[in-house]
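Here is the structure we will look at.
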Amino acid sequence: MSLLKRFILLMWLFSLPIPSVAIEEQRLKAAITFKLTLFVSWPAKEKVLNLCTFSKYSFKSLKSTISHQISKGREIQVKLLGLDEDYSERCQILNLDNLSGSQITDILESIKKQPILTVGSGDSFAREGGMIGLYIDNNNVKFSINLHASRQAELNISSSLLKLAAKVY
């Protein structure tokens, strides 16, 4: 095989995604998102908790991992939405993974005082106005909580969960 063909083959191999690692991380985040719902109280007691996401990638993991699970007597339903859809009345949980910073900022601003739990990736998510930011640190999943944002939305986060958070803002 010529050097050029080897180079092209190597470039192609390294450009392929490694699905197993990414999928496992997404499933883990989905499972943790479900557990988080057990420690959050919403002002209204709907029979269903709608967990909405804008990411097809997150949707698959969320749907296969937690769709139809029961949290505090309420079934979780996972919904995939387009950015132009009205989510403010339809969602109690909003997963903001895989969105750009400006998209996240716009969404958080639009629902600031609505009882919608926002979950995203990274410690910076909570520090910058999201409610719960999930991240990996030294092969451990950690989360940070923005208590001010949750209180503005009239969501009650259990003190037990606050004690488990790596950071609380």
Side-chain angles (χ1 to χ4, degrees), residues 17-83 85-99 103-104 107-108 110-123 125-126 129-137 139-147 149-168:
I18 303 172
S20 61
V21 174
I23 289 170
E24 289 307 313
E25 182 177 332
Q26 287 297 317
R27 285 186 182 151
L28 183 58
K29 285 182 176 181
I32 290 170
T33 299
F34 168 70
K35 294 291 186 186
L36 292 172
T37 67
L38 301 171
F39 294 93
V40 177
S41 298
W42 281 261
K45 300 289 183 194
E46 292 91 1
K47 293 181 181 180
V48 173
L49 282 176
N50 289 314
L51 189 160
C52 302
T53 186
F54 302 103
S55 165
K56 291 178 185 175
Y57 185 64
S58 296
F59 174 74
K60 290 178 184 177
S61 294
L62 289 164
K63 187 154 181 75
S64 67
T65 306
I66 64 174
S67 191
H68 305 295
Q69 295 284 331
I70 304 299
S71 174
K72 297 166 116 177
R74 294 176 288 177
E75 179 183 3
I76 296 179
Q77 292 183 358
V78 179
K79 299 183 179 300
L80 178 62
L81 302 176
L83 284 170
E85 290 185 61
D86 181 22
Y87 45 84
S88 61
E89 299 293 323
R90 298 175 45 188
C91 307
Q92 289 75 43
I93 308 162
L94 200 53
N95 175 294
L96 298 175
D97 269 353
N98 302 314
L99 294 178
Q103 290 171 321
I104 292 171
I107 290 168
L108 291 177
S110 72
I111 61 169
K112 189 181 279 187
K113 294 183 180 181
Q114 294 180 32
I116 300 172
L117 179 69
T118 55
V119 180
S121 291
D123 174 52
F125 180 78
M131 291 179 200
I132 299 179
L134 301 172
Y135 59 99
I136 308 270
D137 184 29
N139 290 327
N140 294 311
V141 177
K142 295 186 177 184
F143 60 93
S144 53
I145 296 174
N146 185 323
L147 191 57
S150 67
R151 286 183 175 160
Q152 270 191 318
E154 297 182 18
L155 298 178
N156 184 21
I157 296 179
S158 163
S159 61
S160 301
L161 187 62
L162 292 171
K163 289 176 187 174
L164 294 174
K167 296 178 185 173
V168 176

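Quick note: numbers below take in every heavy atom, side chains included, and nothing from hydrogens, waters or symmetry partners.
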Are more than 12 heavy atoms from other residues, nucleotides or ligands located less than 6.0 Å from atom NZ of Lys35?
no

Paired with Leu62, the side-chain contact (heavy atoms from CB on, under 4.5 Å) test is passed by just one of Ile93, Leu51, Asp97, namely Leu51

Here the gap from Ile70 atom CD1 to Leu49 atom CG, rounded to the nearest 0.5 Å, amounts to 9.5 Å

Rounded to the nearest 0.5 Å, the CD atom of Glu46 sits from the CD atom of Glu75 at a distance of 13.5 Å

Test log, rule side-chain contact (heavy atoms from CB on, under 4.5 Å), inputs Val48 and Arg74 = CA-CA 5 Å; Val48 173; Arg74 294 176 288 177; over 6 Å; no

Discussion item. Whether the side chain of Lys142 engages the backbone of Lys167 through a donor-acceptor N/O pair (distance < 3.5 Å, no angle test) should be reported.
Written reply: no

Checklist line | Side-chain (Asn95) to main-chain (Thr53) donor-acceptor, under 3.5 angstrom | finding: no

Closest heavy-atom pair, Leu155 versus Ile116, reported as atoms and distance to 0.1 Å, is CD1-C, 3.8 Å

Minimal heavy-atom distance between Gln92 and Trp42, with the atoms involved, is O-NE1, 3.0 Å

Between Ala126 and Ser144, the two heavy atoms sitting closest are CB-OG, 3.3 Å

ask   = Distance-only, no hydrogens or angles: does the Gln152 side chain make a donor-acceptor pair with backbone N or O of Lys113 under 3.5 Å?
value = no

**Asked** Do the non-hydrogen side-chain atoms of Phe125 and Thr118 ever get within less than 4.5 Å of each other?
**Response** yes

Item to complete: Check whether any side-chain heavy atom of Met131 sits under 4.5 Å from a side-chain heavy atom of Val40, and report yes or no.
Response: no

Neighbour count above 12 (heavy atom, 6.0 Å) for Glu89 CD: no

Nearest heavy-atom approach of Ser110 to Gln114 is O-NE2, 3.6 Å

Closest non-hydrogen atoms of Asp86 and Ser88, given as atom of the first, atom of the second and distance, are OD1-OG, 2.7 Å

State, with a plain yes or no, whether a side-chain heavy atom of Leu96 is found less than 4.5 Å away from one of Leu108. yes

- prompt: Just checking, is any N or O donor in the side chain of Ser58 or Lys29 under 3.5 Å from an acceptor N or O on the other one?
  reply: no

ask   = Side chains of Leu99 and Leu83: closer than 4.5 Å at any heavy-atom pair?
value = yes

Ignoring hydrogens and angles, tell me if any N or O in the side chain of Asn50 forms a donor-acceptor pair with the backbone of Cys91 under 3.5 Å. no

Output for pair (Leu36 CG, Ile32 CD1), nearest 0.5 Å, gives 7.5 Å

Output for pair (Leu134 CG, Thr33 OG1), nearest 0.5 Å, gives 5.0 Å

Output for pair (Lys79 NZ, Phe59 CZ), nearest 0.5 Å, gives 9.0 Å

side-chain contact (heavy atoms from CB on, under 4.5 Å) filter on Leu162, not counting sequence neighbours, yields Ile145, Leu147, Ile157, Val168

Notebook entry, point to check: With a cut-off of 6.0 Å (strictly less than), are more than 12 heavy atoms of other residues, nucleotides or ligands near NZ of Lys45?
Noted result: yes

Would you sort out whether Val119 and Phe143 count as a side-chain contact (heavy atoms from CB on, under 4.5 Å), showing the intermediate values?
CA-CA 10 Å; Val119 180; Phe143 60 93; over 6 Å; no

Taking every heavy atom of Thr37 against every heavy atom of Ser71, the minimum-distance pair comes out as OG1-OG, 2.7 Å

Contact between Phe54 and Asn98 at the side-chain level, heavy atoms closer than 4.5 Å - yes or no?
no

Would you mind reporting whether Tyr135 and Val141 have side-chain heavy atoms less than 4.5 Å apart? no

d(Lys163 NZ, Ser158 OG) to nearest 0.5 Å is 8.5 Å

